[in-house]
Every structure is written in C-alpha cells, then in structure tokens.
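Written below as structure tokens is the structure these notes are about.
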Protein chains: 2
Amino acid sequence: MTRALTAKGAATRQRIVAGAAELVRTRGADQVGLDDIRAATATSKSQLFHYFPDGRAELLRAVAAHEAGEVLNDQQPFLDELGPAGTWKAWRDAVVQKYQEQGIHCPLSALTTQLGPADPGIRVIVADLLETWHTRIADGIRRAQGEGLAEPSLEAEKTASSILAAIQGGVVMMQATGNIEFLKVPLDAAIADVEPVAGA
Amino acid sequence: MTRALTAKGAATRQRIVAGAAELVRTRGADQVGLDDIRAATATSKSQLFHYFPDGRAELLRAVAAHEAGEVLNDQQPFLDELGPAGTWKAWRDAVVQKYQEQGIHCPLSALTTQLGPADPGIRVIVADLLETWHTRIADGIRRAQGEGLAEPSLEAEKTASSILAAIQGGVVMMQATGNIEFLKVPLDAAIADVEPVAGA
DNA sequence: ATCGGACTGGACTGTTGAGTCCAGGCTTGT
DNA sequence: ACAAGCCTGGACTCAACAGTCCAGTCCGAT
C-alpha cells in the first residue's frame, strides 16, 4: 500500500471507497464509471488516481474489501452470540431484515458475479469472507452442541455450509423474483437442526 | 418479433445467439462486445442489427432466454423422473457434474447479477425459469409422497424452495471458492428429506 | 426473367469513459 | 520561515465500442 497518508488523505480515500461502494451496490459495477464516482464523492480524476494508482481495478478491489467488511460488521454482534436457544432466530431475523431493506442490492453477488471472473483479486476477497463467515457459523453450531441444544452427531462444518448456501441461494432467488420467501424458507429449514423453531 | 425469416436466416440468427451465449458464459456479459460476437459467429455488424434491431440489449435478452432453456433442457430427463428412490440422487449427480464441468461459468448467475438489475426483461426470464424449476421439483416431492417415500407432512413447495436455494447458493459459493463441496454438501442436506442417502 | 425483399459486408460516426499530465494549493516537520 | 512532498483541479488523449449507412448479393414467388 501507499505509505505517507495524512489524516486528510485517509479521509478522502475513505470517502471515495464508501461513495463508490454505494454506487456499485445500487447500480451494479458495470454501470459505475470513474466520472460517476468523481461526481458522487466531490473529488477529481487526479484524486482517484492518486489514491488508486492502478485505476478503476484497484478502486473496485478496495470497494470489494470494504463491502466484505460491512457484511461481517453488520452481523458481528449476532454471530458472536450464536449457540444458545433463540440466538439463531435473532440472527436469521437480522439477516432477513437486512436483505429486505437492501432489496435487489446485494454487495456480494454484485461483486462476485460481475467482477470475480475477471479479477482474481476480488475472488480472493469474497472467498475469504465466505470462509470467515462459515467459520463463525460452525463455531456457533459447536457452542450449541456444547450446551446440548444440538445433536452431537451433527457435523458443524457441513451444517454451516448448508446454512450459508441457503442464505446465498435465497438472496439470488429473491433478487430474481422479488419474493423474500425464497430467502426465509430455505434459511429456516437450514437452521432447523440447531434452532427447532419454525418461522412462517 | 420479426416475421419473414427464411430457413437460412433462422439458422444465422440461431448461430448468433448460440455463439453469443458461449461468450457470455465464459467471459461474463460485460466482457463481450458486438465485435467479439461478430468474430466468433462469422457474421457482420449489419447482420447483428438485422436480426436484433434493438441492438445489444435485445441480443442479450435472446441469449438469456436461450440459456434459461438450456438449463431446463439439461435436466429435463431427470426432472421428469423425480419421485422414486434413487431418482433424487441421480439428479443430484447430474447437477453436480454439470457445474463441475462448467467450473466458474454459470449461465444464470452471470445474467441475473450482471444484466438483471439493468434490464427488467431479463429478470422476468430468470424468474420464469426459477418458477418452472421450482414447480418441477415440487411435483417430484409430491410423487415421492404419493409413493410413501417422503413424509406426508412435508410441505412440497417449501422443500422445493430449500432444494433450489441450496443449488443456487452452492453454485455461488463454488464460484467464489472453487470448492465444489460447497455445492454437494448443501444439496445433499436439502434432499435428505426425500432421498435419505448421504453422499460423501 | 425479373422483381421485391430478405440477407450480407464493411466502412463510417459519435460517444463514452479510462487513464495522463501539469500547474498550483495545502500540511507537516524542522 | 520554508522546503518537501502530499493533495487537488481540470483539461487533454486515446481506444473501445454501440449503432448507422449504403452498396451490394442471394432467394423465392410470379
């Protein structure tokens, strides 16, 4: 990374990334040009290239990293608690509500499918996110097992994969159909083994 | 649609769509220009606009429709059989193998996430596909119930949603991580209620 | 055979958008 | 105070690419 970054510079850089992320989220990566970002963040072309010498590609990688961080940040409090009865339901509700608010706009699928294939760097960021996310869920499952709230025979890693896939798949289907049930139903089914509370 | 289409014309049009679909699948929609399609299909600019007067957008809609048809075509034989013991496993294996071969390239997620947000016409195509797919799976679940191979209390529609979400989510995660286990495991878990055979 | 219309080739236009450049303003350490 | 160098503005270049245009060729019906 570039060293020598004053407080002002860091703030500007941050403003650019946040603004660009917002645009990418709502419009899709290929619908966002440097001029759009420039306008939305009250910056100039030279600033964009000052902070991201490799241009658009580097900026989008920063956006991906930013969005990946946000995904975990949003869920952090819930993920840490996962285990005891009720915590899974609370987390589920938070996830559902989040995507309901965002509507069509998913920071991840936008980046994965749009830029992932073309940019290995972004794929790595997404893969890291998924791995971390997966680990947190698996940890929660083990805690549930420790408290006798889930079958000891349950394989934490595999169950975590199912839960995570239910979310990813549910979001994809929700984006295409506009129906949030396609997220709720699979997610409820996936967590049924650790939180036997059906949500209608 | 354009009327008056001779056999030759129809063949050319078909060649364009198939060639464009191939490119979109492998490179991603935003990485495919009309000139690429022109070169790959041995056609000229004027032919593209002759068959798709609305240009790139119309051509991509045709590609989306084509790909959606392919997804169902590939699975048609398996979907029709779903119900009896062993049919779910066979279908699962076909799906897994298909995506293993395709690797990163999923015709659907490419179109949904890349073009869906910008083009409502494409979202409709994808939504229709998902609905049809969902219905076929639900039908299979009801047949399994009819033969006493699945719990009568199982809600076919909801279970079908879970299975479909497992596929969609599994594919997304596989694309990001390159690990096909993220498709196999959730899908096996999702069909466990109708085909209690674990695949490792 | 010949006329209308489907079909094709390829040059041309106009725009969009990434990346460059340089001149000047502002911060920071000494 | 005063350099060194971080920071900013905005005009400029250049390539890529969607879409246009027209001069044709080929096919089918009469």
Side-chain angles (χ1 to χ4, degrees), chain A residues 1-24 26-64 111 114-115 117-119 121-122, chain B residues 1-21 23-24 26-64 111 114-115 118-119 121-122:
Chain A
M1 304 296 169
T2 327
R3 224 125 335 110
L5 202 57
T6 66
K8 188 182 178 187
T12 302
R13 195 195 130 102
Q14 169 58 23
R15 195 173 77 241
I16 293 171
V17 172
E22 164 85 18
L23 287 174
V24 168
T26 54
R27 287 195 216 164
D30 57 331
Q31 296 298 316
V32 176
L34 294 187
D35 282 327
D36 299 315
I37 296 171
R38 198 185 44 64
T41 59
T43 50
S44 67
K45 249 335 180 14
S46 55
Q47 290 182 68
L48 297 184
F49 282 86
H50 178 71
Y51 294 106
F52 306 95
D54 282 350
R56 191 182 138 91
E58 185 181 356
L59 173 48
L60 286 177
R61 274 194 295 273
V63 167
L111 289 165
Q114 287 173 24
L115 305 172
D119 187 336
I122 288 193
Chain B
M1 302 295 170
T2 327
R3 225 126 333 112
L5 203 55
T6 66
K8 189 181 176 187
T12 302
R13 194 194 130 102
Q14 168 58 22
R15 195 173 76 243
I16 293 171
V17 172
L23 288 175
V24 168
T26 55
R27 288 196 216 163
D30 57 332
Q31 295 298 314
V32 177
L34 293 187
D35 282 327
D36 299 315
I37 296 171
R38 199 184 43 63
T41 59
T43 50
S44 67
K45 246 345 179 7
S46 54
Q47 290 182 66
L48 297 184
F49 282 87
H50 178 69
Y51 294 105
F52 306 95
D54 282 351
R56 194 182 136 91
E58 185 181 356
L59 173 48
L60 286 177
R61 274 192 297 273
V63 167
L111 289 165
Q114 287 172 24
L115 305 172
D119 187 334
I122 289 193

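Just so we're on the same page: letters track the sequence lines, and every chain starts at 1.
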Please tabulate, one pair per line, each protein N/O and nucleotide N/O from nucleotides 24-30 of chain C that are separated by under 3.5 Å, including the distance.
none

Checklist entry - Quick check: does any side chain N or O of A/Arg15 sit under 3.5 Å from a backbone N or O of A/Thr41, one acting as donor and the other as acceptor? => result yes

Item to check | pair A/Tyr51-A/Val17: side-chain heavy atoms closer than 4.5 Å | outcome: no

Next on the checklist: So, does B/Gln47 get its side chain near the phosphate of C/dC7, meaning an N or O under 4.0 Å from OP1 or OP2?
Outcome noted: no

Return the polar atom pairs (N/O with N/O) between nucleotides 15-20 of chain D and the protein under 3.5 Å, or none.
residue, atom, partner, partner atom, Å
D/dA18, OP2, B/Leu34, N, 2.8
D/dG19, OP2, B/Arg56, N, 3.0
D/dG19, N7, B/Lys45, NZ, 3.1
D/dG19, O6, B/Lys45, NZ, 2.9

Item to check | Nearest-Å distance for atom pair CG/P, residues A/Leu59 and C/dG19 | outcome: 10 Å

Checklist entry - Is the shortest heavy-atom distance from the side chain of A/Ile16 to the side chain of A/Thr43 under 4.5 Å? => result yes

Next on the checklist: I need the CZ-P distance between A/Arg38 and C/dG19, as an integer number of Å.
Outcome noted: 15 Å

Item to check | Heavy-atom side-chain contact between A/His50 and A/Thr12 under 4.5 Å | outcome: no

Item to check | Spacing of A/Phe52 atom CZ relative to C/dA18 atom C1', expressed in whole Å | outcome: 16 Å

Checklist entry - Which whole-number value in Å describes the distance from B/Arg13 CZ to C/dA6 C1'? => result 15 Å

Checklist entry - CG/B/Leu48 to CD/B/Glu58 distance, rounded to the nearest 0.5 angstrom? => result 11.5 Å

Checklist entry - Expressed in angstrom and rounded to an integer, what is the separation of B/His50 atom NE2 from D/dA23 atom P? => result 18 Å

Item to check | CA sep, side-chain torsions, deciding dist, call: B/Asp119, B/Leu60, side chain to side chain contact (heavy atoms under 4.5 Å, CB included) | outcome: CA-CA 10 Å; B/Asp119 187 334; B/Leu60 286 177; over 6 Å; no

Next on the checklist: Looking at D/dT8, I'd like to know if its phosphate oxygens (OP1 or OP2) sit under 4.0 Å from a side-chain N or O belonging to A/Tyr51.
Outcome noted: yes

Checklist entry - Quick one: salt bridge (charged side-chain N to carboxylate O under 4.0 Å, His left out) pairs with a partner in residues 38-52 of chain B, sequence neighbours left out? => result B/Asp35-B/Arg38, B/Asp35-B/Lys45

Checklist entry - Yes or no on side chain to side chain contact (heavy atoms under 4.5 Å, CB included) for B/Phe52 and B/Arg13, after CA distance, side-chain angles and deciding distance? => result CA-CA 9 Å; B/Phe52 306 95; B/Arg13 194 194 130 102; 3.5 Å; yes

